[in-house]
Amino acid sequence: MIAPADSASVPLLLAAGKADLAVSYQPQLNTLVDKDVPVIRVGTLIDRPLNTLTTLDSEHIHSLKDFAGKTLGYAIPGFEDVAMRNMLQSAGVDPDSVKLINLNMDAASALLSHKIDGAMTIYRNYELLELQQQGAKPQVFKPEEHGVPAYDELILLANQKTAASDVRMSKFIQGLNEGVAWLRAHPEEVWQAFIKAYPELNTPLNHQAWQATLPFFTSDAGKFDRQKYQAFADYMVKNKLISKAAPLERYSLLETN
């Protein structure tokens, strides 16, 4: 297991032959393919978005329309800012009426200190829990319900040049499915093993996040949703995040059983 300091560099380990698999996410895959980086999806860990646009101002903000003229924060430029603009447009709000600020991954504290009116990088299985632990009452808007196509939050990438012929891939996916099933059946037992290996992560918030994440894992990691991947690639093209949509077989091994 390799944990690089910069998550953006993870897929590059595949291209350099330094890793067999890498954890990534669907929007990053689209971008990498557009740049001709030789990576390909071989499986999925979480098959839905976890990000949200969240506000703590329940007094003045009740719908996306109420964000007009407000200040919104994000931490992933070129994706979250574009997603927020699409969400606002879906509600009839002029995106140019909103001030967007790059928060550099500090969205929760920016919300709690009321420096901004809303933010992305508030994930359903972590930052939302963190805000609630601080006594806040977050109001959530899900991107996939407001103009942004659904996408896989966490996927597994392999080297495009060798993945199809690597007999270990199908065995890994089978083992992953069995592991997810066992994790769901024995969540506390696995948690105890986890904190024994990583005692510095044994906090109430991490324990709560562990439980909250369990329902999001896919039961069939090898399943490939053609419609979802095509729709999201088209969305990326429409928003000028990539130059063109690649054939689906370029994004993924079409099924890993």
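We use all heavy atoms of the structure for the numbers below, so side chains are in, but hydrogens, waters and symmetry mates are not.
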Report the distance from atom [atom1] of [X] to atom [atom2] of [Y], rounding to the nearest 0.5 Å.
| X | Y | atom1 | atom2 | answer |
| --- | --- | --- | --- | --- |
| Asp106 | Ile116 | CG | CD1 | 9.0 Å |
| Thr218 | Glu153 | OG1 | CD | 13.5 Å |
| Gln28 | Ile155 | CD | CD1 | 8.0 Å |
| Leu128 | Gln133 | CG | CD | 12.0 Å |
| Arg226 | Ser252 | CZ | OG | 9.5 Å |
| Leu72 | Leu111 | CG | CG | 9.5 Å |

Distance-minimising heavy-atom pair for [X] and [Y]:
| X | Y | result |
| --- | --- | --- |
| Gly78 | Asp81 | N-OD1, 2.8 Å |
| Pro149 | Ala231 | CG-O, 4.0 Å |
| Ala158 | Ala163 | CB-CB, 3.9 Å |
| Glu188 | His207 | OE2-NE2, 2.7 Å |
| Ala209 | Asn125 | CB-O, 3.2 Å |
| Ala245 | Ala233 | CB-CB, 3.9 Å |

With Ser63, which residues qualify under side-chain contact (heavy atoms from CB on, under 4.5 Å), at least two apart?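 Result, side-chain contact (heavy atoms from CB on, under 4.5 Å) vs Ser63: Lys65, Asp66.
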
Taking side-chain contact (heavy atoms from CB on, under 4.5 Å) as the definition, give me every residue that meets it alongside Pro95, ordered by chain and number, with sequence neighbours left out.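 Checked Pro95 against side-chain contact (heavy atoms from CB on, under 4.5 Å); matches are Arg85, Gln89.
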
Are Leu112 and Leu131 close enough, and set up right, to give a side chain to side chain contact (heavy atoms under 4.5 Å, CB included), and what steps lead you there? CA-CA 8 Å; Leu112 288 167; Leu131 290 170; 3.7 Å; yes

Any residue meeting salt bridge (Lys or Arg N to Asp or Glu O under 4.0 Å) with [X], in chain and number order, not counting sequence neighbours:
| X | value |
| --- | --- |
| Asp234 | none |
| Glu189 | none |
| Arg168 | Asp20, Asp166 |

Leu53 and Leu64: CA distance, side-chain angles, deciding distance, side chain to side chain contact (heavy atoms under 4.5 Å, CB included) verdict: CA-CA 9 Å; Leu53 172 56; Leu64 287 172; 3.8 Å; yes

Is a side-chain N or O of [X] found less than 3.5 angstrom from the main chain of [Y], in a donor-acceptor match?
| X | Y | result |
| --- | --- | --- |
| Asn177 | Ala221 | yes |
| Thr31 | Pro27 | yes |
| Tyr251 | Ala246 | yes |

May I have the step-by-step check of side chain to side chain contact (heavy atoms under 4.5 Å, CB included) for Val82 and Tyr235, ending in yes or no? CA-CA 10 Å; Val82 173; Tyr235 164 84; 3.9 Å; yes

Student check: side-chain heavy atoms of [X] and [Y] closer than 4.5 Å:
| X | Y | result |
| --- | --- | --- |
| Leu205 | Leu129 | yes |
| Ile40 | Lys161 | no |
| Thr213 | Ile46 | yes |
| Leu45 | Leu176 | yes |
| Gln132 | Pro138 | yes |
| Leu154 | Phe216 | no |
| Gln160 | Val39 | no |
| Leu214 | Leu183 | yes |

Out of curiosity, does [Y] fall in the hydrophobic cluster containing [X] (side-chain heavy atoms, cut-off under 4.5 Å, transitive links)?
| X | Y | result |
| --- | --- | --- |
| Val42 | Val10 | no |
| Val93 | Val140 | no |
| Val37 | Leu248 | yes |
| Ile61 | Met120 | yes |
| Tyr229 | Ile242 | yes |

Pair Arg124 + Glu130: basic N to acidic O under 4.0 Å: no

What residue pairs, at least two apart or across chains, pass ring pair (Phe, Tyr, Trp, His ring centres under 6.0 Å) with a residue in residues 105-131? none

Enumerate the residue pairs fulfilling ring pair (Phe, Tyr, Trp, His ring centres under 6.0 Å) with a member in residues 57-99, sequence neighbours excluded, ordered by first and then second residue.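 Every pair satisfying ring pair (Phe, Tyr, Trp, His ring centres under 6.0 Å) with a residue in residues 57-99: Phe67-Phe141, Phe79-Tyr151.
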
Fit a plane to each ring of Trp182 and His186, take the angle between them on a 0 to 90° scale, and name the class: parallel (under 30°), tilted (30 to 60°) or perpendicular (over 60°).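 Ring orientation, 0 to 90° scale: parallel.
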
Would you call the rings of Trp210 and Phe194 parallel, tilted or perpendicular if under 30° counts as parallel and over 60° as perpendicular? tilted

With side-chain hydrogen bond (donor to acceptor under 3.5 Å, both in side chains) as the rule and sequence neighbours excluded, what pairs involving residues 192-202 come up?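 Residue pairs passing side-chain hydrogen bond (donor to acceptor under 3.5 Å, both in side chains), neighbours aside: none found.
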
Any side-chain hydrogen bond (donor to acceptor under 3.5 Å, both in side chains) pairs touching residues 44-53, not counting sequence neighbours?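 Residue pairs passing side-chain hydrogen bond (donor to acceptor under 3.5 Å, both in side chains), neighbours aside: Arg41-Thr44, Thr44-Asp152, Asn51-Glu80, Thr52-Thr54.
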
Run the numbers on Arg184 and Val180 for side chain to side chain contact (heavy atoms under 4.5 Å, CB included), then give the verdict. CA-CA 6 Å; Arg184 284 178 171 158; Val180 168; 4.0 Å; yes

Tell me, please, which residues at least two apart from Ser113 pass side chain to side chain donor-acceptor pair (under 3.5 Å).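 Checked Ser113 against side chain to side chain donor-acceptor pair (under 3.5 Å); zero matches.
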
Mind checking side chain to side chain donor-acceptor pair (under 3.5 Å) for Asp117 and listing every partner two or more places apart, or none if nothing turns up?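 For Asp117, no residue satisfies side chain to side chain donor-acceptor pair (under 3.5 Å) once neighbours in sequence are set aside.
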
With Phe172 via ring-ring contact (aromatic ring centres under 6.0 Å, His included) - residues at least two apart: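 Result, ring-ring contact (aromatic ring centres under 6.0 Å, His included) vs Phe172: none returned.
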
Tell me whether Gln227 at atom CD has more than 12 heavy atoms from other residues, nucleotides or ligands lying less than 6.0 Å away. no

